[in-house]
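Quick one: the structure is below, and I'll ask about it shortly.
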Amino acid sequence: SEDAWIRAISAHFAQGPRTQVGIGHDAAVVELDGRQVVLKTDVVIDWNITALSLSDPRADLGRPNQMRQLAMVHTAMHDAVNSIIGKYEVYAVKAAAPPGASTEAAAASAAYAVLIRLFPTAEGKETLDAGLAASLAAIPDGASKTDGVAVGEFVGKTIFDLRASD
């Protein structure tokens, strides 16, 4: 339920950064009231959890910096997906997307493209590479996947470049 999700995310924040959170394509495992809870997710929620697991609200500029990072990730995913489906107005980047490009591959690749630039450390790269591999493993190989990845990489890099000095 939505209430359980909100409580789980609140528990994640209360435990501080780098809480052990298992991420898969269809579910996330979080600690809630001392027990593990499996929550249904999608690629956007997966990457939100990944971003939260890497950022430390107590470091640097704290929560404002964490919110900036999340805004960049979500903006990149939004523009990547909307470059493909064209249902909503993009924030800044409308990439050329071949028909049939995978929106899931685009969202995952856009998030990855932003986060790898925000967290280029070995720990960040390891976490991000694993997250991208998990997201892309759930998508059948082929042009749809390849095209979605290309759209996401382009949009993610462009959004990062636009907002890097904020």
Side-chain angles (χ1 to χ4, degrees), residues 5 9 12-13 17-19 21 23-26 28 39 41-166:
W5 176 250
I9 293 299
H12 171 78
F13 283 131
R18 292 167 182 74
T19 300
V21 178
I23 301 171
H25 184 68
D26 294 328
L39 302 169
T41 67
D42 61 27
V43 69
V44 173
I45 293 171
D46 290 346
W47 282 96
N48 189 71
I49 293 169
T50 299
L52 289 170
S53 75
L54 289 170
S55 65
D56 184 349
R58 297 173 294 189
D60 299 328
L61 298 174
R63 290 254 187 247
N65 194 44
Q66 186 180 51
M67 294 304 106
R68 174 186 161 270
Q69 294 161 352
L70 288 172
M72 290 171 68
V73 168
H74 283 275
T75 299
M77 288 191 288
H78 173 271
D79 279 7
V81 169
N82 280 294
S83 290
I84 295 169
I85 64 172
K87 187 173 181 180
Y88 303 101
E89 184 176 334
V90 297
Y91 165 75
V93 184
K94 172 76 168 136
S102 167
T103 55
E104 290 85 4
S109 298
Y112 179 90
V114 170
L115 289 168
I116 198 70
R117 288 166 173 81
L118 290 170
F119 301 100
T121 63
E123 178 187 358
K125 183 168 176 18
E126 182 179 327
T127 298
L128 294 169
D129 287 351
L132 185 61
S135 292
L136 296 180
I139 304 166
D141 290 336
S144 176
K145 181 179 187 174
T146 303
D147 293 342
V149 168
V151 169
E153 288 174 347
F154 173 77
V155 172
K157 180 188 180 312
T158 304
I159 292 293
F160 178 83
D161 290 346
L162 287 170
R163 308 306 322 179
S165 63
D166 287 353

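What you are looking at is a predicted structure, and each value in this text was computed from that prediction instead of being measured.
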| Stepwise side chain to side chain contact (heavy atoms under 4.5 Å, CB included) test for His74 and Val44 | CA-CA 8 Å; His74 283 275; Val44 173; 3.8 Å; yes

| said: I need the Ile159 CD1 to His78 NE2 distance, nearest 0.5 Å. | reply: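 Between Ile159 CD1 and His78 NE2, I get 10.0 Å after rounding to 0.5 Å.
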
| At what distance, to the nearest 0.5 angstrom, does OG1 of Thr121 lie from CD1 of Ile116? |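 CD1 of Ile116 is found 8.0 Å from OG1 of Thr121.
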
| task | Please name the pair of heavy atoms, one in Ala113 and one in Gly152, separated by the smallest distance, quoted to 0.1 Å. | result | CB-O, 4.3 Å

| field | Atom pair CG/CG of Asp141 and Leu136 - distance to nearest 0.5 Å | value | 9.0 Å

| message | If I take atom CG from residue Leu115 and atom CG from residue Leu70, how far apart are they, to the nearest 0.5 angstrom? | response |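 The CG atom of Leu115 sits 8.5 Å away from the CG atom of Leu70.
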
| field | Sequence neighbours excluded - side-chain hydrogen bond (donor to acceptor under 3.5 Å, both in side chains) pairs with any residue from residues 125-134 | value | Tyr112-Asp129, Lys125-Asp129

| request: Would you confirm whether Ser135, through its side chain, and Leu132, through its main-chain N or O, come within 3.5 Å as a donor-acceptor pair? | output: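 Flag not set: sc Ser135 to bb Leu132 has no pair under 3.5 Å.
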
Side-chain donor-acceptor pairs of residues 88-101 under 3.5 Å, sequence neighbours excluded:
{"unit_1": "Tyr91", "atom_1": "OH", "unit_2": "Arg163", "atom_2": "NH1", "d": "2.7"}
{"unit_1": "Lys94", "atom_1": "NZ", "unit_2": "Ser83", "atom_2": "O", "d": "3.1"}

| field | Nearest heavy-atom neighbours spanning Ser109 and Glu153 | value |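 Result for this residue pair: CB-N, 3.9 Å.
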
| said: For the CZ atom on Phe160, are there more than 12 heavy atoms of other groups (residues, nucleotides or ligands in this structure) within a distance under 6.0 Å? | reply: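 Enclosed: over 12 neighbouring heavy atoms sit under 6.0 Å from CZ of Phe160.
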
| said: Contact between Asn48 and Met77 at the side-chain level, heavy atoms closer than 4.5 Å - yes or no? | reply: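 Not in contact.
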
| field | Minimum heavy-atom distance Val73-Ala111, with the two atoms named | value |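 Closest heavy-atom pair between Val73 and Ala111: CG1-CB, 3.8 Å.
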
| Which atoms form the tightest heavy-atom contact between Val114 and Ala76, and what is the distance? | CG2-CB, 3.7 Å

| message | I need the minimum non-hydrogen distance between Ala105 and Ile139, along with the two atoms involved. | response |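 Closest approach of Ala105 to Ile139, heavy atoms only: N-CD1, 3.4 Å.
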
| request: Kindly indicate whether the side chain of Leu128, heavy atoms from C-beta on, has any atom under 4.5 Å from the side chain of Leu54. | output: yes

| said: Looking at Ser144 and Ser102, would you say the former's side chain and the latter's main chain have a donor-acceptor pair under 3.5 Å? | reply: yes

| query | How close do Lys87 and Asn82 get, heavy atom to heavy atom, and via which atoms? | reply |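 In terms of heavy atoms, the two residues are closest at N-OD1, 3.6 Å.
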
| said: Any non-hydrogen side-chain atom of Met72 less than 4.5 Å from a side-chain atom of Leu162? | reply: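 No - every pair of side-chain heavy atoms lies 4.5 Å or more apart.
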
